[in-house]
Amino acid sequence: MKALSQKRRHPLAAIALLLMGLLLTGGLYAVATTVNEAKASTTTYSANDTEEGGKLFAANCATCHGMGASGTADGPSLVGVGAAAVDFQVGTGRMPMQMNGPQALKKPAQFNDEQTHQLSAYVASLGAGPAIPEEELVNGGGDAAAGGELFRTNCAMCHNAAAAGGALTRGKFAPALADVSGKHIYEAMVTGPQNMPVFSDSNITPEGKKDIITFLKQIESTGSPGGADLGSLGPVAEGLFVWVAGLGVIIAFTIWLTSRTS
Amino acid sequence: MSAASTAEPAFVAKTKTGRFTDFVDSRVGGSGILREFGRKVFPDHWSFMFGEVALYSFVILLLSGTFLTFFFDPSMAETHYDGSYVPLKGVEMSVAYNSSLNISFDVRGGLFMRQVHHWAALLFVASIAVHMLRVFFTGAFRRPREMNWVVGSVLLILAMAAGFTGYSLPDDLLSGNGLRIIDGVIKSIPVIGTYISFFLFGGEFPGTAIISRLYMLHILLVPALILLMIVLHLFMVVVHKHTQYPGPGRNDNNVVGYPLGPVYAAKAGGFFFIVFGVLALMAAFFTINPIWNYGPYDPSPVSAGTQPDWYIGFVDGALRLMPGTFGDWHVEQVWFGHVFTFNVLLPALVPAGILFTVMFAYPWIERWITKDDREHHVLDRPRNAPTRTGIGVAGFIWYCVMWAAAGSDLIATHFHVSLNDVTYWLRALFFVGPIIGFIVAKRVALALQRKDREIALHGRETGRIVRLPHGEFIEVHAPLDEYKRYKLVGFESPQVLPAVPNEHGVVTRKEKRRAALSKWFFEDRVAPATPAELEAAHGHGHAAVEAPEESKSLSH
């Protein structure tokens, strides 16, 4: 102990301390981020995938994201975003972006499954990040009721309790979740695309995410027990309907009833 | 009907029905009542039927609501759902929400009745609103009907109260959020707000008492008050008789139309079933308030798209429009160590306060300005009272701006615009919209009056072009028949009433204000065509063909 205290004024002490601090935080960060990969997919990428993905990236993505995905003024660096982010953004057609706007919009995917796989492989090779989730996590089979509770607590304030979507500030919005595949829902939760926050595995466990997907698939397949759902938009849609359709039909009847006289 | 009278006990009816009706009639005087009511005359117009729609919606609300009380349990005790809706299986919730779900999924016909009840509630308030707009724009609130206008306004408020207390009962996430907003508004009242909130909720929000308290209000007090007001309302309709639109042979001393029996009794009875049928079809095919989507109430989550039912929407909209700060100045202030939440208090109470105050007071405001204390049974066409129509449209637009603001998020997502921009525009329209609405509506009304005058004087354009012998082209105008012309010329057109001195010979300041308002009301005026003008137009119209120098007036 005395030896250590004597050396504390050594010229290299500050550097040693800094190094130790960096190692500690880096190590903790590595542990923390691998929590997200606890259920990492068994998807494997061949060297060929990575190489082909690199070519695709250079041709289609590097304009904004920069060579080597290091980022430019027009697009962020993709080092460490992981395969899940690429699979979501490219797989739902959001990337490549059609135009700059409040947020990237869903559109028909520009790349086929193989190309998306290759792009994912390339980006995953740049740095560790969330991987594409395993099949068993995204195909339902969880507890819909538990998923519903998680959904209402974590997701409904933007996506609406019936997952019909909702508005965010300045033209941004949370999309409706009907017809979104379980895989993409899972990837969105772990990567936080656009304005969505990241729901890491320590925030919502992989089983929780599975339950949420089960809930969403459940309410989608159940449909609307009470008849046409008017977009599941709540009282505004109902009010509009009663004023336009309800009162409209009633007025038509009143005109009919009084048409013989006056 | 049996014509028997109690004064002739010797009369014995020949048939069984006759004896039965005679029995009743000799005891309660049924034929007298029937003679009086059956011969009551009602004028016929589609716009007179909205009050009826409201009445029928209320009857349907009572019927469907009674059914719902059989199965609803307004308890906030905790339970776990064990019904047939899978996505909520085993979820912890209140007994109230549980029983609402059971009504929806496990009671035969329960979901249908719930939807009938809720659609009928929306239609109830909507038909009251349209009925009031009709009454306002046609001037039916004038003497002798001012008090009935007040009763009607009270009915509107009671209908909103009935709706809101009902909306809160299922104890789902949506209704709980609505209650939370009401709780916030109550707590924003300076000094007494928190005390009222604790009194109402039986402690800190949400507590365990509010649902059963609202239930009592919803099924007992509010419907009883509504029923009482409906009785008063209809009693006054009978006393005052119904108003009628202007037309030949109609004046303030008669009512032209059909008697209640048999024509109107049949029509009204049938109309009840039409309203019921429309509501039943809506309930059968369109879902309303899908409580299973929202989940049990929990103060932490708030779903996107959380709005009140349409009739409370304008208050929600006003809350959404209110900025929290003006530059650096915060609307929420801390004075003497107490927080004054003006950013909630002002939007929640001020617009609604102004709207309802003006609504209640309007008959007296107009009566004061016009000094018109005569009885009116013939309605105004809205164009023939341009300033009143302008005021009505201004109020309507003000309401609609706040109403639209309640759906600002859905406007943003569905029209792909920025939510912030929607709010900024609506904030501007909140102030400018009513002014523009007033000006446009008044100008449109005046323009329609000018058009009426033109048609009354010169007839309707036929589209037939005639070439005169000297080469001039004229369009032939077809004259109106007497009946149609009456409608265009037979209306009152009040003029500006200048300030007059009172009995002491003094022109009071109040009288000057009245005169200024009267000028504002009536200075833009299109007078109806007088008989002399009509005669002149008619006279030279015929001459026009022979006397082309008079061709300025192209009438036939």
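Letters A, B, ... are given to chains in the order of the sequence lines, protein chains preceding strands, and every chain is numbered from 1. Given the structure is predicted, the values throughout are model-derived calculations rather than measurements.
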**Student:** Below 4.5 Å, heavy-atom pairs only: which of A:L233, A:I251, A:T254 has the largest tally toward chain B?
**Tutor:** A:T254
**Student:** Could you have a look at A:P225, A:G234, A:G239 and say which one has the most heavy-atom pairs with chain B under 4.5 angstrom?
**Tutor:** A:P225
**Student:** Report yes or no: do B:S175 and B:D172 form a side-chain donor-acceptor pair below 3.5 Å?
**Tutor:**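 Short answer, yes.
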**Student:** Against chain A, label B:P43 side chain, backbone, both or neither, depending on which of its atoms sit under 4.5 Å from a heavy atom there.
**Tutor:**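 Neither; nothing under 4.5 Å.
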**Student:** Quick one: does B:D309's side chain have a donor or acceptor within less than 3.5 Å of a partner on B:Y311's backbone?
**Tutor:**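 Pair absent, no side-chain N/O of B:D309 close to backbone of B:Y311.
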**Student:** Does one side chain, of B:R114 or B:S104, offer a donor that lies under 3.5 Å from an acceptor on the other?
**Tutor:** yes
**Student:** We want to know whether A:T222 and B:Y85 form a side-chain donor-acceptor pair, criterion being a heavy-atom distance below 3.5 angstrom.
**Tutor:** no
**Student:** Could you tell me which of B:V275, B:I274, B:T413, B:L111 has the largest number of non-hydrogen atom pairs under 4.5 Å with chain A?
**Tutor:** B:I274
**Student:** Among B:L173, B:T423, B:L410, which has the most heavy-atom pairs under 4.5 Å with chain A?
**Tutor:** B:L410
**Student:** Can a donor-acceptor pair be found between the side chains of B:S408 and B:R320 at a distance below 3.5 Å?
**Tutor:** yes
**Student:** Measuring heavy-atom distances to chain A, does B:Y245 have an atom under 4.5 Å in its side chain, in its backbone, in both, or in neither?
**Tutor:**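 Neither part.
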**Student:** Heavy atoms only, distances under 4.5 angstrom: which of B:H416, B:H118, B:M282 has the most pairs with chain A? Name it, please.
**Tutor:** B:M282
**Student:** So which of B:E52, B:H414, B:M49, B:K89 has the biggest tally of heavy-atom pairs under 4.5 Å with chain A?
**Tutor:**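 Ranked by heavy-atom pairs under 4.5 Å with chain A, first place is B:M49.
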**Student:** Is chain B contacted by the side chain of A:L168, its backbone, both, or neither, given a heavy-atom distance below 4.5 Å?
**Tutor:**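 For A:L168, the backbone is the part near chain B, not the side chain.
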**Student:** Which atoms of A:T169 come close to chain B, meaning under 4.5 Å heavy atom to heavy atom: side chain ones, backbone ones, both, or neither?
**Tutor:** both
**Student:** Keeping the roles fixed (side chain from B:Y56, backbone from B:A268), state whether a donor-acceptor pair exists under 3.5 Å.
**Tutor:** yes
**Student:** Which region of B:F286, side chain (C-beta onward) or backbone (N, CA, C, O), has a non-hydrogen atom less than 4.5 Å from a non-hydrogen atom of chain A, or is it both or neither?
**Tutor:**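 Both backbone and side chain of B:F286 come within 4.5 Å of chain A.
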**Student:** Pick whichever of B:I411, B:D409, B:V256, B:V302 has the most heavy-atom pairs under 4.5 Å with chain A.
**Tutor:** B:V302
**Student:** Determine, for A:E207 against A:K210, whether the closest basic-nitrogen to carboxylate-oxygen distance falls under 4.0 angstrom.
**Tutor:** no
**Student:** Let's test your reading of the structure: which of A:A156, A:A174, A:C155 forms the most heavy-atom pairs below 4.5 Å with chain B?
**Tutor:** A:A156
**Student:** Hey, which of B:L88, B:V278, B:I288, B:L419 has the most heavy atom pairs under 4.5 Å with chain A?
**Tutor:**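 Option with the top pair count is B:I288.
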**Student:** Within the 3.5 Å criterion, strictly below it, is a donor on A:N195 or A:Q103 matched to an acceptor on the partner's side chain?
**Tutor:**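 Yes.
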**Student:** Under a 3.5 Å distance rule, please check whether B:W403 uses its side chain to pair with a backbone N or O of B:W310 as donor and acceptor.
**Tutor:** yes
**Student:** Rounded to the nearest 0.5 Å, what separation is found between the CZ atom of B:F271 and the CZ atom of B:F276?
**Tutor:** 14.5 Å
**Student:** So which of A:V242, A:I250, A:T214, A:V236 has the largest heavy-atom pair count under 4.5 angstrom toward chain B?
**Tutor:** A:V242
**Student:** Does any heavy atom of chain A fall under 4.5 Å from the side chain of B:Q307, the backbone, both, or neither of them?
**Tutor:**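 Both backbone and side chain.
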**Student:** Looking at A:G171, A:G227, A:G226, which one has more heavy-atom pairs under 4.5 Å with chain B than the rest?
**Tutor:**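 Going by pairs under 4.5 Å, I would pick A:G226.
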**Student:** Contact part of B:F105 toward chain A, heavy-atom cut-off under 4.5 Å: side chain, backbone, both or neither?
**Tutor:**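 For B:F105, the contact with chain A is made by the side chain alone.
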**Student:** Checking heavy atoms, do the side chain of B:A412, its backbone, both or neither come under 4.5 Å from chain A?
**Tutor:**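 When you check distances to chain A, only side chain atoms of B:A412 fall under 4.5 Å.
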**Student:** Examine whether an atom of B:A283 lies under 4.5 Å from a heavy atom of chain A, and if so say whether it belongs to the side chain, the backbone or both; otherwise answer neither.
**Tutor:** backbone
**Student:** Which bit of B:Y424 comes within less than 4.5 Å of chain A, counting heavy atoms only: side chain, backbone, both or neither?
**Tutor:**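 Just the side chain, heavy atoms under 4.5 Å.
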**Student:** Identify which part of A:E149 has an atom lying under 4.5 Å from any heavy atom of chain B, answering side chain, backbone, both or neither.
**Tutor:** side chain
**Student:** Side chain, backbone, both or neither: which part of B:L174 has an atom under 4.5 Å from a heavy atom of chain A?
**Tutor:** side chain
**Student:** Salt bridge or not for B:D298 and A:R152, using N-O below 4.0 Å?
**Tutor:**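 Here B:D298 does not pair with A:R152 in a salt bridge, since their nearest N and O are not under 4.0 Å apart.
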**Student:** How long is the span from the CD atom in B:E92 to the OH atom in B:Y97, to the nearest 0.5 Å?
**Tutor:**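 B:E92 atom CD to B:Y97 atom OH measures 13.5 Å (nearest 0.5 Å).
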**Student:** Give the member of A:N154, A:V249, A:L230 that has the highest number of heavy-atom pairs under 4.5 Å with chain B.
**Tutor:** A:L230
**Student:** Do B:N289 and B:Y167 have a side chain donor and acceptor closer than 3.5 Å?
**Tutor:** no
**Student:** State whether a side-chain donor-acceptor pair under 3.5 Å links B:S84 with B:D106.
**Tutor:**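 Note: B:S84 and B:D106 side chains meet the donor-acceptor criterion.
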